[in-house]
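Data block below; observations after.
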Amino acid sequence: MQLDTKKLKKISVLYVEDDESVREQTLGLFERIFKKVFIAEDGVEGLKKFKENIPQIDIIVTDINMPNMNGLEMVRDINRIVPNIPIIVTTAHTDSEHLINAIDLNVDKYISKPVQVRDLTVAIVELVAKYKRLHNIESLAKTLVQKNNEDIVENEELKVKLDHQEKMIEHYKMIIDSLVFTMETDKLGVIRSASKKLLTFFDYSQSELLGKNISQLKCTTCNGNSFQQLMLKSVHTKKTIVSEHTLVTGNGQKVTFDVAMTPIYGRDSFVTGYTFYMDLISTH
């Protein structure tokens, strides 16, 4: 990965390391390439620095074995304050228990010491970029869902404006259909609608896609999460799930998307289907 100095200078890092020689060596490099570096010698100081500088910190890099409070304990407390902030854990040990605990805490990357600074820098840039991209997509998905729900409630309460609202909704659908990669499935994953934008891009006709299982969109890279697994996860968490997927179009081209999936609930509060919003990242 080619490092962009402009991107590096937009990132602020909280770096927590108890080994003075490692800390000073890494700090000297970090201060030259990143916008700002907040430094801490243990988990207690790291948590304090995080609380004092939450709006400025983009990512956390921390050791595990430290006095007073170890890295994973600090991460647990930070996650209670700001869930999903990117976190990289570094350690001189390969203890499987540490690794399992790190996974349970949604740690984004686990790097063994001695750490190669370039590899660590690349990981920081990639994780910060992904976090910001996913945050933007999730915010967009939530906004669209909220707007849709508000429209439904308004239509039910204001019957006299039904005709006007229906025309507005059709207008929005036409815009979404032309400009947004979106589709809807039933609760079993059978595709019941897809936007014109999606059909055209993937080179499918409606008859080739509608009525088929979502697995019709072949996924070559799903980060360990199939669409079906994400459906189950969204039901359990009752949240919009965002994940990166590399899919294959009808003509064989590979494309990478961030996919935001939101459950659709019926009047009985049971899931009746799923809405997918897809943001194109790259083509291969």
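Note that the coordinates shown come from a computational prediction; the quantities given were computed from them, not determined experimentally.
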**Request:** Quick one: list whatever passes side chain to side chain donor-acceptor pair (under 3.5 Å) with Asn251, sequence neighbours left out.
**Result:** Thr249
**Item:** Residues that Ser207 engages under side chain to side chain donor-acceptor pair (under 3.5 Å), provided they are two or more places apart
**Value:** Ser205
**Prompt:** Under 3.5 Å, side chain of Asp186 to main-chain N/O of Val190, donor-acceptor pair present?
**Reply:** yes
**Leu14 with Ile81, same ILVMFWY side-chain cluster at under 4.5 Å** = yes
**Message:** Can you confirm if the aromatic rings of Phe227 and Phe276 lie within a centre distance of less than 6.0 Å?
**Reply:** yes
**Message:** Using 0.5 Å steps for rounding, measure from the CZ atom of Phe50 to the CE atom of Met74.
**Reply:** 9.0 Å
**Request:** For the residue pair Phe257 and Phe181, categorise the inter-ring angle as parallel (less than 30°), tilted (30 to 60°) or perpendicular (more than 60°).
**Result:** perpendicular
**Prompt:** With sequence neighbours left out, what residues match Tyr15 under side chain to side chain donor-acceptor pair (under 3.5 Å)?
**Reply:** Thr26
What pairs of donor and acceptor atoms, side-chain ones from residues 192-203 against any protein atom, are under 3.5 angstrom apart with sequence neighbours left out?
residue, atom, partner, partner atom, Å
Arg192, NE, Glu184, OE2, 2.8
Arg192, NE, Thr185, O, 3.4
Arg192, NH1, Thr272, O, 3.4
Arg192, NH2, Glu184, OE2, 3.2
Ser195, OG, Val180, O, 2.7
Ser195, OG, Thr182, N, 3.3
Ser195, OG, Thr182, O, 3.4
Ser195, OG, Leu198, N, 3.2
Thr200, OG1, Lys196, O, 2.8

**Prompt:** What residues form a salt bridge (charged side-chain N to carboxylate O under 4.0 Å, His left out) with Asp77, not counting sequence neighbours?
**Reply:** Arg80
**Request:** Please list, chain by chain and in numerical order, all residues satisfying side chain to side chain contact (heavy atoms under 4.5 Å, CB included) with Asp18, sequence neighbours excluded.
**Result:** Asp63, Met66, Pro67
**Message:** Run the side chain to side chain donor-acceptor pair (under 3.5 Å) test against Gln25 and tell me which residues pass, sequence neighbours left out.
**Reply:** none
**Request:** Compare all side-chain heavy atoms of Val61 with those of Val13 and state whether any distance is below 4.5 angstrom.
**Result:** yes
**All side chain to side chain contact (heavy atoms under 4.5 Å, CB included) counterparts of Ser21, not counting sequence neighbours** = Asp19
**Request:** Using salt bridge (charged side-chain N to carboxylate O under 4.0 Å, His left out) as the criterion, list what pairs up with Glu52, not counting sequence neighbours.
**Result:** Lys48
**Request:** Would you check if there is a donor-acceptor pair between the side chains of Thr262 and Thr240 at a distance under 3.5 Å?
**Result:** yes
**Item:** Minimum heavy-atom distance Lys187-Tyr274, with the two atoms named
**Value:** O-CE1, 3.6 Å
Using residues 29-47 as the side-chain source, report each donor-acceptor pair under 3.5 Å to any protein atom, sequence neighbours left out, with the distance given to one decimal.
residue, atom, partner, partner atom, Å
Arg32, NH1, Gly28, O, 3.3
Asp42, OD1, Val44, N, 3.1
Asp42, OD1, Glu45, N, 2.8
Asp42, OD2, Asn68, ND2, 2.7
Glu45, OE1, Glu41, N, 2.9

